[in-house]
Structure formats: structure tokens, C-alpha cells
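See below for the structure under consideration.
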Amino acid sequence: MNARMSIDIWPLRGCTLHQRRSQAKAFSLVLGFRLSIFLCALLTTPFIESTHAQERGVRVIKNEASRRVDVFVDGQPFTAYVWPEKLKVPVLYPLRTAQGTIVTRGFPLEPRPGERVDHPHHAGFWLNYGNVNGVDFWNNSVALPPEQQQKMGTVVLRRITRATGSKDRGQLDVETEWLMPDGQPILREATTFIFRAAPDLRAVDRITTLTALDKRVLFHDDKEGMLGMRVRRELEQPSNEPLVFTDSSGRPTTVKVLDNTGVTGQYRSSEGKIGDAVWGTRARWTMLTGKVGQESIALVILDHPMNTGFPTYWHARGYGLFAANPLGQEIFSNGKEKLNFTLEPKQSVTFRYRLLILSGPTTPEQVETQYRKFVSEVR
């Protein structure tokens, strides 16, 4: 037997019976060893390929003990649906580009150096409203004194009804309740998230149906709403002045001047409005473009023609709040319009939105193509 463990069987003819048996046994052992290696390779290759195949596509993984549902694309994290105790509404957090760059602000969940620390209720990507039967759901946070929190509304997760993935899309269905300060539910929410991926593209559809329970529900015309996200520092619009913003309850928040190095964001709406001019105007879609490092990024929110209040007003702030508000019209129109949207008991309304996260330079014409696709796909 040489270094390669080969066996020459011809010498067996000149050996004793004992020698023949010893060499035959060695031959059998080596042959068995080689066969076992062959069979192991044969059996494990499909397993390895199957495991790799499982990493491909969109996966939606529940981890209710950790209060989260993670979404992966080709084995890499995209986003997560989270409902930590420190938030008063479930959110998608963080959100990433196809290259893995996080586009949402870290504060208050995971603060990063150089970020603004205003508006602790702005976390990730969410949906709620500032005045529902006189109660504020938008501004609630654990940063408020307990006596103020007790006057605010809370959105709580009740159940996850679906969490599935496939080659080209993932789906998460959840049911939540909107609770008044006394803990009684006023609205039942059923939301479907659709997660899609393509080269240089990540997309989230949020289709939310709100149903009034046993009481009439009035969404008072209010600035604070409705679908919102808070972006990272680099995607804010540059600003050289300290600003003070007040919420619907009159509470002021001072937004400090920060270093504008690397701050590159700019809003643009479907109606051609640019920068700060987008705020308080109606549009079918609005995009926020900027760069993080060397990556050009476009965040686009698409409003659906079937939505109440279409085309929505945009609550798009240079400091990083990117929100669509279809129900608050008075402040945006300088009093020319007013909508106090009402649901009678058991009545429902559905809102349909799509968020696009694009890597690379993006033109309004490309967004228009995506908008037509959204309208044709979602009913």
C-alpha cells in the first residue's frame, strides 16, 4: 500500500493464507472507506444545495419571544417588523438598500453618533395619526412624562396571521388594535406587508384596513399623520438654522443645527416641487434622494388613487421626517380645505402605499414607471 493508499492485489498469489487474509482485510477496509466518502458526498451535496436554495429569495421569520419578525433577501437582512416595549406603535426597523445600507434613523432604538435626537416617536416606518376622537396616537413615546403618556393613544399588536416567503416575495399579515388612554380599543387594524426585491431595489407594500369597533371614530383634521418614516442623517436636507417644531398639543421641540458634512437629501414630488416646497402640497408620489458614502439612494413613497384624500398632502420635513398625510388638510391648505374623516361603527377604510428603496441615480421618469406598476398591481 503506497502513500495514496492504493492496493496491488497480485502479490496475494505468492503469499501465505494468513498474509492473503490480512491484505484482503486491508483492501476491504480501504474500499469501504472510499465508498463511505463517495456516499457521504453523494448524500450531502443535495443537502448543501438545498440549504443554499433556502437562502435565496425572500424569507419572513417570526421571533415573537424577541418581539420581532425578520425579513431576509437572499440570506441578507432587509428589515424587521418590531414592537418593542419602548415604542407605542409597531414599526418596520431598520430598512436597508439592496447593498445593505441602512436608510432609517437609529434613534431612539439604536442611537448613532451625529444624529438628531428630536421627536422620539419617529422610529423606522410606521402608520398612526395625531387626533382620533380627540386622542393623540402620533406623538406618544416613553420619553413623555407618565401623566402625559396616560392621555395618549397606543397601537398594540394582537396577532400575526401570516408570515411567509417565496422566491420573489414575502408576506406578513398582522392584526393590531388602537387603544384609547383607558385601554379600550377604538379601531381594529389589519395590515398586509408585501416585501419584494430586485437588483438595486427593495420594496414594501403596506395595505392597512382600519375598522371602527362599537363607536363612531372621527379622525380630526390634523397635521400629525399618517404614514411616516424617519431617515438617517445623510438623507436629511442640509439646514443651517435651528428650528422649533410644535406638535398638535402645542409641545415645542427644538431641532439643533448639526454639521452638514455628508448631508445630501432632497425631496422631489410628482408635481415638480423640490426641497422644502414639497411640504404641504399634494402629489401622487414623492421621492427623497441623497447619498450615503458612495451609494446614491432614492426613497419613494407612492400614494394609491383608491386612498381617501388622494392625492395625499406631504408632511415632508428637511430634518428627516418623510410622511404622507391624506387626512390632515386644513393646515396644509392654509384653511382652504378641511377633512374630518369619519368611520361609523363597523365601517372600514383601506389605505394602500408602496415604499421603494432604490440604489443608484433615479429619475422622475423611472419613478413614474414604478408608479404605474404599483397602481396596476394593487387594488
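The structure displayed is predicted, hence computed values, not measured ones. Any value given below was found using the heavy atoms of this structure, including those in side chains, with hydrogens, waters and symmetry copies removed.
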Worked check of side-chain contact (heavy atoms from CB on, under 4.5 Å) between Val91 and Val82: CA-CA 6 Å; Val91 303; Val82 299; 3.7 Å; yes
For Thr79 and Leu92, indicate whether the former's side chain and the latter's backbone hold a donor-acceptor pair under 3.5 Å. no
Between Asp303 and Thr312, do the side chains contain an N or O donor and an N or O acceptor separated by less than 3.5 Å? no
Axial cation check for Tyr371 ring with Arg284, 6.0 Å and 45° limits: yes
Output for pair (Met287 CE, Leu299 CG), nearest 0.5 Å, gives 11.0 Å
Testing Tyr319, Trp314, Phe332 for ring pair (Phe, Tyr, Trp, His ring centres under 6.0 Å) with Trp279, which one passes? Phe332
Give, for atom CZ of Arg105 and atom CZ of Arg112, the distance between the pair rounded to the nearest 0.5 Å. 9.5 Å
Using modelled atom types and a 3.5 Å cut-off, is there a donor and acceptor pairing between side-chain atoms of Glu115 and backbone atoms of Phe107? yes
Give a yes or no on whether Leu87 and Leu321 share a hydrophobic cluster (residues Ile, Leu, Val, Met, Phe, Trp, Tyr; joining criterion: side-chain heavy atoms under 4.5 Å apart). yes
Is the Phe125 to Tyr93 ring centre distance short of 6.0 Å? no
Could you tell me if Arg59 sits above the aromatic ring of Phe72, with its cationic atom closer than 6.0 Å to the ring centre and no more than 45 degrees from the axis? yes
Got a sec: does the CZ of Arg116 have more than 12 other heavy atoms crowding it under 6.0 Å? yes
Salt bridge (Lys or Arg N to Asp or Glu O under 4.0 Å) between Asp118 and Arg317: does it pass, once the steps are laid out? CA-CA 13 Å; Asp118 58 89; Arg317 291 295 200 185; over 6 Å; no
Side chains of Arg352 and His304: is there a donor and an acceptor less than 3.5 Å apart? no
Find out whether Thr286 and Arg268 are in side-chain contact, i.e. whether some heavy atom of one side chain is under 4.5 Å from a heavy atom of the other. no
If every non-hydrogen atom of Val278 is compared with every non-hydrogen atom of Thr281, which pair is closest and at what distance? O-OG1, 2.6 Å
Stepwise, does the side-chain contact (heavy atoms from CB on, under 4.5 Å) test hold for Val103 with Ile297? CA-CA 9 Å; Val103 298; Ile297 295 171; 4.1 Å; yes
Trace of the side-chain contact (heavy atoms from CB on, under 4.5 Å) decision for Val217 with Thr342: CA-CA 6 Å; Val217 178; Thr342 303; over 6 Å; no
Under 4.5 Å between side-chain heavy atoms, hopping through other hydrophobics if needed: is there a path connecting Leu355 to Leu302? no
Which residues pass the salt bridge (Lys or Arg N to Asp or Glu O under 4.0 Å) test with Glu64, not counting sequence neighbours? Lys62
State whether the number of non-hydrogen atoms from other residues, nucleotides or ligands found under 6.0 Å of Glu85 atom CD is greater than 12. no
Does Gly225 offer a backbone N or O that forms a donor-acceptor pair with the side chain of Asn128 under 3.5 Å? no
For Lys215, does the NZ atom sit with more than 12 other heavy atoms under 6.0 Å from it, leaving out its own atoms? no
Between the main-chain N or O of Glu365 and the side-chain N or O of Thr369, is there a donor-acceptor pair closer than 3.5 Å? yes
Same cluster or not: Ile331 versus Phe341, using hydrophobic residues (I, L, V, M, F, W, Y) connected whenever any side-chain heavy atoms lie under 4.5 Å apart? no
Are Ile301 and Leu356 connected into the same hydrophobic cluster when the rule is that any two of I, L, V, M, F, W, Y join if their side-chain heavy atoms are below 4.5 Å apart? no
Side-chain donor-acceptor pair present, Glu368, Trp285, cut-off under 3.5 Å: yes
Charged N to carboxylate O below 4.0 Å: is that the case for Glu175 and Arg158? no
Report yes or no: does Arg233 contribute a side-chain atom to a donor-acceptor pair with the main-chain N or O of Asp259 at less than 3.5 Å? yes
Determine whether the side chains of Thr161 and Arg159 contain a donor N or O and an acceptor N or O closer than 3.5 Å. no
Step by step, would you call Arg354 with Arg206 a side-chain contact (heavy atoms from CB on, under 4.5 Å)? CA-CA 6 Å; Arg354 177 170 290 177; Arg206 177 169 184 146; over 6 Å; no
Whether the Arg68 and Ser66 side chains hold a donor-acceptor pair (N or O, under 3.5 Å, no angle test) is what I'd like checked. no
Determine whether a donor-acceptor pair (N or O, by modelled atom type, separation under 3.5 Å) exists between the side chain of Lys86 and the backbone of Pro108. yes
Would you say Glu271 and Ser269 are linked by a side-chain donor-acceptor pair, where the criterion is simply a distance under 3.5 Å? no
Hey, are Glu295 and Thr97 close enough side-chain-wise for a donor-acceptor pair under 3.5 Å? yes
Nearest non-hydrogen partners of Ala324 and Tyr353, listed with the distance: CB-CE2, 4.4 Å
Taking atom types as modelled, is there a side-chain donor on Glu224 or Asn131 under 3.5 Å from an acceptor on the other? no
Heavy-atom side-chain contact between Ile102 and Arg232 under 4.5 Å: yes
Quick one: does any side-chain atom of Thr264 pair with a main-chain N or O of Glu234 as donor and acceptor, under 3.5 Å? yes
Kindly state whether the ring of Tyr267 and the ring of Phe322 have centres lying under 6.0 angstrom apart. yes
To the nearest 0.5 Å, what is the distance between CD1 (Ile186) and CD (Glu177)? 11.5 Å
Can you tell me if Gln171 and Thr164 form a side-chain donor-acceptor pair at under 3.5 Å? no
Can you spot which of Val58, Val204, Asp70 makes a side chain to side chain contact (heavy atoms under 4.5 Å, CB included) with Phe78? Val204
Name the orientation class of the two ring planes belonging to Trp83 and Tyr81 (parallel below 30°, tilted from 30 to 60°, perpendicular beyond 60°). tilted
Donor-acceptor side-chain pairing of His121 and Asn139 below 3.5 angstrom: yes
Work out which heavy atom in Gln329 is nearest to a heavy atom in Asp221; give both atom names and the distance. N-OD1, 2.9 Å
Flag, side chain of Thr104 to backbone of Leu95, donor-acceptor distance under 3.5 Å: yes
Taking a hydrophobic cluster as the set of Ile, Leu, Val, Met, Phe, Trp and Tyr residues connected by side-chain heavy atoms closer than 4.5 Å, whether directly or through intermediates, do Val155 and Val132 fall within one such cluster? yes
Identify the two heavy atoms, one from Asn260 and one from Ser239, that lie closest to each other, and give their separation to 0.1 Å. ND2-O, 2.9 Å
Check the pair Asp276 / Gln237 against side-chain hydrogen bond (donor to acceptor under 3.5 Å, both in side chains), numbers first and verdict last. CA-CA 9 Å; Asp276 291 333; Gln237 293 189 157; 2.8 Å; yes
Looking only at the side chains, is there a donor atom on one of Gln266 and Thr289 sitting less than 3.5 Å from an acceptor on the other? no
Between Tyr313 and Glu337: side-chain donor-acceptor atoms closer than 3.5 Å: yes
Do the rings of Phe219 and Tyr129 sit parallel, tilted or perpendicular, given the 30° and 60° boundaries? perpendicular
Are the side chain of Asp205 and the backbone of Phe193 linked by a donor-acceptor contact shorter than 3.5 Å? no
Just wondering, do Val156 and Thr176 contact through their side chains at under 4.5 Å, heavy atoms? no
Short question: side chain of Gln366, backbone of Thr363 - any donor-acceptor pair under 3.5 Å? yes
Thr350 side chain to Thr209 side chain, donor-acceptor N/O pair below 3.5 angstrom: yes
